[in-house]
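In the text below, chain A, chain B and the rest are named by the order of the sequence lines, each starting its count at 1.
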Protein chains: 2
Amino acid sequence: MQKSMTIQEVAQLAGVSVATVSRVLNESPLVKEATRQKVLSVIHKFDYQPNLLGRDLRRSETMKVLVLTPSLDRPIFAEIVKGIEDRAKEDGYYVLVCPTSNHLEREKELLQMLKNRLVDGVITFSTTLSEEELSALGQKHSIVQCCEFENASYTCCVSINDEQAAFDAVSHFIELGHQRISMIGASTLLYSERLREQGYRRALTQHHIPCREEWIKHGGFFHHDGEALTNELLQLPVLPTAIFCMNDSLAIGCVNAIKKKGWSVPGDIAVIGFDNTHEATMSTPALTTVHQPKYDLGYTAMNLLIHNMVHTEKKYENVMLQHQLIKRESTLQS
Amino acid sequence: MQKSMTIQEVAQLAGVSVATVSRVLNESPLVKEATRQKVLSVIHKFDYQPNLLGRDLRRSETMKVLVLTPSLDRPIFAEIVKGIEDRAKEDGYYVLVCPTSNHLEREKELLQMLKNRLVDGVITFSTTLSEEELSALGQKHSIVQCCEFENASYTCCVSINDEQAAFDAVSHFIELGHQRISMIGASTLLYSERLREQGYRRALTQHHIPCREEWIKHGGFFHHDGEALTNELLQLPVLPTAIFCMNDSLAIGCVNAIKKKGWSVPGDIAVIGFDNTHEATMSTPALTTVHQPKYDLGYTAMNLLIHNMVHTEKKYENVMLQHQLIKRESTLQS
DNA sequence: TTGTAGGCGTTATCAC
DNA sequence: GTGATAACGCCTACAA
């Protein structure tokens with residue numbers, strides 16, 4: 001990059017001081033209209049672009065927010081990020097998305113940006129940080145966890161009530177007469193998934209249905225994981241008649257595995273997904289699934305983050321938004 | 001944020017000058033091991049974190065690269081970004097992903113970060129900028145277009161040969177005996193898509209098959225777009241026996257629409273997709289599709305970008321990587 | 001209403 | 001080897 005114009009040169013060319021140029025740049029009302037025009041004309045003539053590094057350093061804020069996402073190809077994130085961005089725009093923040101691949105080292109590198117004052121705050125979907133690390137970070141900096149979280153003090157979180165959502169889904173199966181209900185998920189490391197498993201167990205217990213450990217499987221986030229896990233289930237001596245999946249991608253893979261065996265959904269086995277992404281309606285049969293208010297989750301998370309970035313006394317709170325069970329063909333009473 | 005430790009305070013506590021601390025920070029070899037240890041012990045004791053805004057300002061480089069993507073929920077981008085990130089890591093660059101929603105205004109806001117020296121370079125998938133704007137920008141700054149591009153001077157681009165790729169796909173249909181071949185895509189505004197349409201027409205012409213304009217449809221990127229477009233096709237008086245789709249999501253929607261009408265793929269209508277994302281193998285039938293070397297595209301794009309960020313004499317070149325037609329069930333000879 | 005000047009936190013060029 | 005010190009580009013009291 002060749003060296004570019006500075007506020008000094010603009011000042012000189014306009015015959016005013018740098019302070020005045022700065023005032024014009026920041027739309028200060030205490031600049032005479034005539035000088036303002038003079039300065040603006042120079043700015044436009046030479047297409048002067050302020051170097052915001054100078055401003056950021058001086059103000060010690062960057063108006064940038066980092067969004068840490070495990071991966072870029074999970075459909076649920078796209079809409080959450082929309083919510084984040086819309087709220088960010090209201091206050092002029094930049095939103096920067098960085099995938100971590102769920103890799104601890106990578107995540108720490110990215111979190112360095114916060115410590116190094118390169119960004120003002122972070123929203124994270126699922127962290128690999130320990131409770132202590134997160135608490136320590138949360139005391140000094142602004143961090144909000146979204147959807148998925150590590151339960152720690154000095155920490156903010158916006159999510160749905162995962163336990164209840166799973167309870168609702170499994171209860172729906174039970175109401176339809178199912179007794180042999182399986183559950184497949186991505187990873188037991190996820191707090192949200194442990195909560196959902198609790199909800200799953202509570203629903204079964206409440207209806208005096210015994211819980212079979214071999215019907216609970218974990219293995220990944222994607223289509224092929226759902227297919228693989230379901231294939232494992234389908235080799236069991238006693239087969240489930242219903243499968244509760246931790247996200248819609250898994251559910252699609254699950255449905256596929258069942259169909260490949262020549263069985264039908266929901267005729268032979270019913271399926272419920274999670275998230276209500278657009279995948280859910282593209283599947284045949286369309287998926288019954290737990291709707292997460294994705295846009296609102298993002299918007300709310302950013303809202304909380306902005307509060308904490310702006311005020312010195314942070315609030316550390318867990319916000320829960322409403323979920324909803326969307327009933328579609330994959331659990332239709334036959 | 002409470003005011004945090006600076007290099008000055010570290011210097012004082014360690015009983016050395018700021019210059020020495022800076023040297024330690026930057027791993028300069030000309031520091032005596034003893035003083036190095038003294039400084040490091042202070043740094044660790046107080047968990048000093050350098051404010052990189054100061055460094056960036058001083059060095060006038062940020063080691064940050066912006067990736068502009070139309071949306072976050074297009075599976076092809078995830079893997080391209082992996083390639084970008086891996087190359088970036090080799091030279092210590094941060095990669096920041098920002099969705100533009102294909103919205104010109106948003107894109108310009110983001111591009112401001114480049115002009116304002118908040119990032120050192122940009123990789124963009126599809127821009128809404130005009131040829132002139134892009135050329136102007138490309139002269140002063142480092143920009144690489146990836147996969148999708150606006151054909152302008154002072155511009156870099158990494159992609160496959162879209163025209164030839166489409167030609168290959170359609171030729172495959174023709175070899176299988178198809179004569180009534182349709183094509184559905186996202187938007188005629190995309191340069192890549194116009195190229196692919198040329199390839200489509202060339203293949204037909206070369207085999208003396210007339211081109212029917214009503215068999216070419218455009219309307220969006222996603223499943224539901226593919227379904228809607230296919231439904232339009234299926235209402236035509238003369239139906240195609242093969243449909244070439246501009247991406248795998250469209251193809252999945254296309255297959256779905258056909259199956260919902262009670263027809264079979266490839267029995268009644270054969271389908272080819274584009275990109276070879278993981279969706280392609282999850283569909284039933286699995287999709288024949290044009291493979292793009294996604295990771296390599298990203299890696300190569302970042303490589304070129306780094307060259308241009310580092311050297312003052314930029315190279316403006318268009319790199320084409322190899323595509324490949326992957327044959328699967330959706331075009332299987334019945 | 002405008003200008004002067006100090007400082008944001010760091011690096012880099014000198015001397016010593 | 002190490003230490004002053006002048007930038008980097010901008011903002012903002014304070015003075016005028």
Side-chain angles (χ1 to χ4, degrees), chain A residues 1-40 42-43 46-63 112-120, chain B residues 1-40 42-43 46-64 92 112-120:
Chain A
M1 289 333 73
Q2 67 268 40
K3 195 178 155 352
S4 54
M5 201 176 206
T6 76
I7 206 174
Q8 322 273 354
E9 310 179 52
V10 176
Q12 216 158 7
L13 287 163
V16 298
S17 75
V18 290
T20 300
V21 178
S22 176
R23 289 192 188 97
V24 171
L25 247 29
N26 292 286
E27 290 165 341
S28 157
L30 7 107
V31 177
K32 211 189 346 179
E33 182 58 22
T35 37
R36 210 176 79 85
Q37 288 307 334
K38 204 166 45 177
V39 171
L40 281 180
V42 173
I43 288 179
F46 295 92
D47 188 31
Y48 162 70
Q49 302 283 353
N51 181 335
L52 292 193
L53 288 175
R55 172 184 300 177
D56 288 353
L57 176 58
R58 178 58 224 241
R59 295 193 176 153
S60 64
E61 70 173 352
T62 63
M63 301 309 284
Q112 268 302 123
M113 294 185 71
L114 191 57
K115 296 186 184 172
N116 291 330
R117 316 220 106 73
L118 259 21
V119 297
D120 299 340
Chain B
M1 293 327 77
Q2 68 268 41
K3 194 175 159 351
S4 53
M5 201 176 206
T6 75
I7 205 173
Q8 321 274 352
E9 311 178 51
V10 175
Q12 218 160 5
L13 287 162
V16 298
S17 74
V18 291
T20 300
V21 178
S22 176
R23 287 191 189 98
V24 172
L25 248 29
N26 293 286
E27 290 165 340
S28 159
L30 13 102
V31 177
K32 211 186 349 176
E33 182 58 21
T35 38
R36 211 176 79 84
Q37 288 307 334
K38 204 167 44 174
V39 172
L40 282 179
V42 173
I43 289 180
F46 296 92
D47 189 31
Y48 161 71
Q49 301 284 352
N51 181 336
L52 292 194
L53 288 175
R55 171 185 299 177
D56 288 353
L57 175 59
R58 179 57 226 236
R59 293 194 176 152
S60 65
E61 72 173 350
T62 64
M63 301 308 283
K64 290 199 275 272
Q112 269 302 124
M113 294 184 72
L114 191 58
K115 295 187 186 172
N116 292 329
R117 317 220 108 73
L118 259 21
V119 296
D120 298 341

Asks: Which residues satisfy the side-chain hydrogen bond (donor to acceptor under 3.5 Å, both in side chains) test with A/Thr35, sequence neighbours excluded?
Replies: none
Asks: So, using side-chain contact (heavy atoms from CB on, under 4.5 Å) as the criterion, who are the partners of B/Leu13 when residues are at least two apart?
Replies: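 For B/Leu13 the side-chain contact (heavy atoms from CB on, under 4.5 Å) partners, ignoring immediate neighbours, are B/Met5, B/Val42, B/Phe46.
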Asks: By side-chain contact (heavy atoms from CB on, under 4.5 Å), which residues pair with B/Ser17, not counting sequence neighbours?
Replies: B/Ala19, B/Thr20
Asks: Between the two end axes of the helix from C/dT1-D/dA16 to C/dC16-D/dG1, each built from 5 base pairs, what angle do you get to the nearest 10°?
Replies: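 The angle separating the two end axes equals 40°.
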Asks: Between B/Met63 and B/Arg55, is any pair of side-chain heavy atoms under 4.5 Å apart?
Replies: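 They are not in side-chain contact.
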Asks: So if I take residues 31-40 of chain A and measure heavy-atom distances to DNA chain C, which residues fall below 4.0 Å?
Replies: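 Of all residues in residues 31-40 of chain A, the ones placing a heavy atom under 4.0 Å from DNA chain C are A/Val31, A/Lys32, A/Thr35.
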Asks: Evaluate the side-chain proximity of B/Tyr48 to B/Leu25: yes if any heavy-atom separation is below 4.5 Å, no if none is.
Replies: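 Yes. Closest side-chain heavy atoms under 4.5 Å.
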Asks: Only counting residues at least two apart or in another chain, list the ones meeting side-chain contact (heavy atoms from CB on, under 4.5 Å) with B/Arg58.
Replies: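 Checked B/Arg58 against side-chain contact (heavy atoms from CB on, under 4.5 Å); zero matches.
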Asks: Mind checking what makes side-chain contact (heavy atoms from CB on, under 4.5 Å) contact with A/Gln112, not counting sequence neighbours?
Replies: A/Lys115, A/Asn116, B/Gln49, B/Tyr94
Asks: Which residue is it: A/Asp56, A/Leu118, A/Asn51, A/Leu57? I am looking for the one with a side-chain contact (heavy atoms from CB on, under 4.5 Å) to B/Asp56.
Replies: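 Only one option passes, and that is A/Leu118.
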Asks: Could you give the start and end, 5' to 3', of the contact zone on DNA chain C for chain B, using atoms under 4.0 Å from its heavy atoms?
Replies: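 The contact span of chain B on DNA chain C goes from C/dG9 to C/dT13.
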Asks: Can a donor-acceptor pair be found, under 3.5 Å and without considering hydrogens, that links the side chain of B/Gln37 to the backbone of B/Ala34?
Replies: no
Asks: Going by heavy atoms in the side chains, are B/Ser22 and B/Ile7 under 4.5 Å from each other?
Replies: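 Yes, side chains in contact.
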Asks: Provide a list of protein-nucleic acid N or O atom pairs under 3.5 angstrom, restricted to nucleotides 9-12 of chain D.
Replies:
{"from": "D/dG9", "atom 1": "N2", "to": "A/Gly54", "atom 2": "O", "distance (Å)": "3.3"}
{"from": "D/dC10", "atom 1": "OP1", "to": "A/Tyr48", "atom 2": "OH", "distance (Å)": "2.5"}
{"from": "D/dC10", "atom 1": "OP1", "to": "A/Asn51", "atom 2": "N", "distance (Å)": "2.7"}
{"from": "D/dC10", "atom 1": "OP2", "to": "A/Ile7", "atom 2": "N", "distance (Å)": "2.6"}
{"from": "D/dC11", "atom 1": "OP1", "to": "A/Asn26", "atom 2": "ND2", "distance (Å)": "3.3"}
{"from": "D/dC11", "atom 1": "OP1", "to": "A/Arg55", "atom 2": "NE", "distance (Å)": "2.5"}
{"from": "D/dC11", "atom 1": "OP1", "to": "A/Arg55", "atom 2": "NH2", "distance (Å)": "3.0"}
{"from": "D/dC11", "atom 1": "OP2", "to": "A/Ser22", "atom 2": "OG", "distance (Å)": "3.0"}
{"from": "D/dC11", "atom 1": "O2", "to": "A/Arg58", "atom 2": "NH1", "distance (Å)": "2.4"}

Asks: Just jot down the side-chain hydrogen bond (donor to acceptor under 3.5 Å, both in side chains) partners of B/Thr62, sequence neighbours excluded, or say none.
Replies: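 So B/Thr62 forms a side-chain hydrogen bond (donor to acceptor under 3.5 Å, both in side chains) with B/Asp120.
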Asks: With sequence neighbours excluded, tell me which residues meet salt bridge (Lys or Arg N to Asp or Glu O under 4.0 Å) with B/Glu33.
Replies: B/Arg36
